[in-house]
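Just so you know, these numbers come straight off a predicted model, no measurement behind them. Below, all heavy atoms of this structure are taken into account, side chains as well, without hydrogens, waters or symmetry copies.
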Amino acid sequence: MSIANMSKINIPTNATWKQSGVTIAGGNGNGSATNQLHWPYGLFVDDDQTVVIADWLNYRIMQWKNGDTTNGQVVAGVKGQGYGLQQLQYPTDVLIDKETDSLIICDQGNKRVVRWSHRSGTTQGEILIDNISCWGLAMDEQRYLYVSDDKKHEVRRYQLGEKNGTLVAGGNGKGDGLNQLNRPTYLFVDRQQTIYVSDYWNHRIMKWNKGAKEGIVVAGGQGAGSALTQLAYPQGIFVDTLGTLYVADSGNQCVRRWTQGDKKQGTVIVGGNGRGEEANQFKGPSGLSFDRQGNLYVVDERNDRVQRFSIE
């Protein structure tokens, strides 16, 4: 997720959201039609509430315009599954680089990060980074790109065009030490280039300050569980201007919030009503974001939909 438009989002610490979400993409069963998704993962919400979604099992990136909840548009991966530059394979995350009006995509199955022009009619991408088991992406205000590698258990920062990058989190083998990660997935980077990492198998969120040799546990880290001090298989993350952390807690079917003042335990803000298909339920929340108004967007992976929860 890029912070170019995220750094403007200021959500009150006592904010609440409607508990029933509205489906703004998919929700018509799994399939490859333009009104369907199939196990979506990461998403990016643009300033105009346009949403781009990594449609994992359809090997494509879908764009859904605000107000048109009927059909999306394929904006990358136009030729189905494969290795060619017109193709994607199991994409997990996507962001929009405003400077070049392009999509940056974690093409996980092809072990590469690719860039596609966001202009209509684009039929192929270009490889930015290859030989990387990427999962999550973020971009800071200086347009450095951050990529998590879920096999090397590390996060690297790249200048666009650079192939090797700089290690900025993990990189000390798989483990639960403060200098280690165990399958890092989604990322968030703030204005200070502080990196927040969803440390999936460690059931925790790690914060790595710029230049730090080890991270700080800012949520979870008490083993997998449903207590307010715990997480279970965390995925998408977001940090607002007040430093409040939001986490898609996929094992507990909810989104949790950790405020700066209470690092020990989080609170459930939406979901938490068991695994299901109702408007107040999830089946594996994954990607997570907000728009400028503070409305919450959650990718509901196994329900093949994206839900928007309006701020109250």
Side-chain angles (χ1 to χ4, degrees), residues 1 3 6-7 9-17 19 136 138 148 153 155 168-170 172 174-275 280 282 284-290 294 296 298 309 311-312:
M1 175 182 301
I3 71 156
M6 299 305 155
S7 57
I9 295 175
N10 190 352
I11 301 168
T13 52
N14 62 349
T16 58
W17 288 263
Q19 293 302 294
S148 63
H153 311 286
V155 180
V168 290
N172 294 295
K174 178 171 71 174
D176 61 3
L178 292 177
N179 67 345
Q180 294 178 302
L181 298 165
N182 190 349
R183 193 173 175 236
T185 56
Y186 293 98
L187 304 174
F188 190 93
V189 180
D190 70 13
R191 284 175 156 174
Q192 286 72 47
Q193 295 182 317
T194 304
I195 306 150
Y196 295 81
V197 185
S198 212
D199 194 6
Y200 187 84
W201 287 117
N202 283 328
H203 312 290
R204 67 188 185 183
I205 307 301
M206 296 297 289
K207 172 183 174 179
W208 289 66
N209 291 313
K210 186 179 181 181
K213 298 295 181 212
E214 60 180 41
I216 303 159
V217 181
V218 290
Q222 310 286 327
S226 59
L228 293 179
T229 55
Q230 295 177 298
L231 291 166
Y233 313 102
Q235 297 214 64
I237 51 179
F238 185 95
V239 181
D240 69 17
T241 52
L242 298 175
T244 303
L245 169 69
Y246 302 84
V247 184
D249 187 355
S250 67
N252 289 311
Q253 313 300 335
C254 66
V255 175
R256 294 184 190 250
R257 168 174 62 192
W258 267 261
T259 60
Q260 282 279 50
D262 190 2
K263 295 266 177 60
K264 296 287 182 282
Q265 62 180 43
T267 54
V268 175
I269 61 167
V270 294
N273 299 302
R275 182 179 168 89
N280 67 347
F282 297 112
S286 53
L288 174 75
S289 191
F290 288 86
L296 169 63
V298 185
F309 295 85
I311 192 166
E312 291 187 314

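Under the 3.5 Å distance criterion, the side-chain polar atoms of D190 are matched with a main-chain donor or acceptor of Q192. A distance-only check finds no donor-acceptor pair linking the side chain of T244 to the backbone of T13 [under 3.5 Å]. At least one donor-acceptor pair closer than 3.5 Å links the side chain of Q253 to the backbone N or O of G284. Without hydrogens or angle criteria, Q19 side chain to I269 main chain gives a donor-acceptor distance under 3.5 Å. N252 contributes a side-chain N or O that, together with a main-chain N or O of G225, makes up a donor-acceptor pair within less than 3.5 Å. D199 contributes no side-chain N or O that, together with a main-chain N or O of M206, makes up a donor-acceptor pair within less than 3.5 Å. Within the 3.5 Å criterion, the main-chain N or O of G294 finds a donor-acceptor partner in the side chain of W17. Judged by distance alone, the side chain of N182 and the main-chain N or O of K174 form no donor-acceptor pair under 3.5 Å. Remark: side-chain polar atoms of S198 are not paired, donor with acceptor, to backbone N or O of G236 under 3.5 angstrom. Between the side chain of S286 and the backbone N or O of Q235, no donor-acceptor pair lies under 3.5 Å.
Looking at heavy atoms from C-beta onward, V247 lies in side-chain contact with W258 at the 4.5 angstrom threshold. Side-chain contact between L228 and R256 is present, with at least one heavy-atom pair separated by less than 4.5 Å. Counting heavy atoms from C-beta outward, P234 and R204 have side chains that stay 4.5 Å or more apart. Using a 4.5 Å heavy-atom threshold, the side chains of I216 and N209 count as touching. Looking at I9 and I11, their side chains come closer than 4.5 Å, going by heavy atoms from C-beta outward. D240 has its side chain within reach of Y246: a pair of non-hydrogen atoms, C-beta onward, lies under 4.5 Å apart. Using a 4.5 Å heavy-atom threshold, the side chains of V168 and I195 count as touching.
Residue F238 is tested with Y196, F188, Y186 for a ring-ring contact (aromatic ring centres under 6.0 Å, His included); the sole match is F188.
Ring geometry, H203 versus Y233: the interplanar angle exceeds 60°, so the pair is classed perpendicular (tilted spans 30 to 60°).
Rounded to the nearest 0.5 Å, atoms CZ (F282) and CG (N273) are 9.0 Å apart. Distance check, rounded to the nearest 0.5 Å: CG of N202 to CD of Q222 gives 12.0 Å. One finds the CD atom of Q180 at 10.5 Å from the CD atom of E214 (value rounded to the nearest 0.5 Å). From L181, atom CG reaches atom CG of N179 across 9.0 Å, with rounding to the nearest 0.5 Å. Going from atom CG of N172 over to atom CG of L178 covers 11.0 Å, rounded to the nearest 0.5 Å.
Residues A219 and L245 come closest through the heavy atom pair CB-CD2, 3.7 Å. Between G136 and L187 the shortest heavy-atom distance is O-CD1, 3.7 Å. Nearest heavy atoms, L242 versus Q260: O-CG, 3.2 Å. Closest of all the heavy-atom pairs between C254 and V268 is CB-CG1, 3.9 Å. Here the closest non-hydrogen pair linking A248 and L288 is N-CD2, 3.8 Å.
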L296 and V298: CA distance, side-chain angles, deciding distance, side chain to side chain contact (heavy atoms under 4.5 Å, CB included) verdict:
CA-CA 7 Å; L296 169 63; V298 185; 3.8 Å; yes
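Under the salt bridge (charged side-chain N to carboxylate O under 4.0 Å, His left out) criterion, R183 pairs with D150, not counting sequence neighbours.
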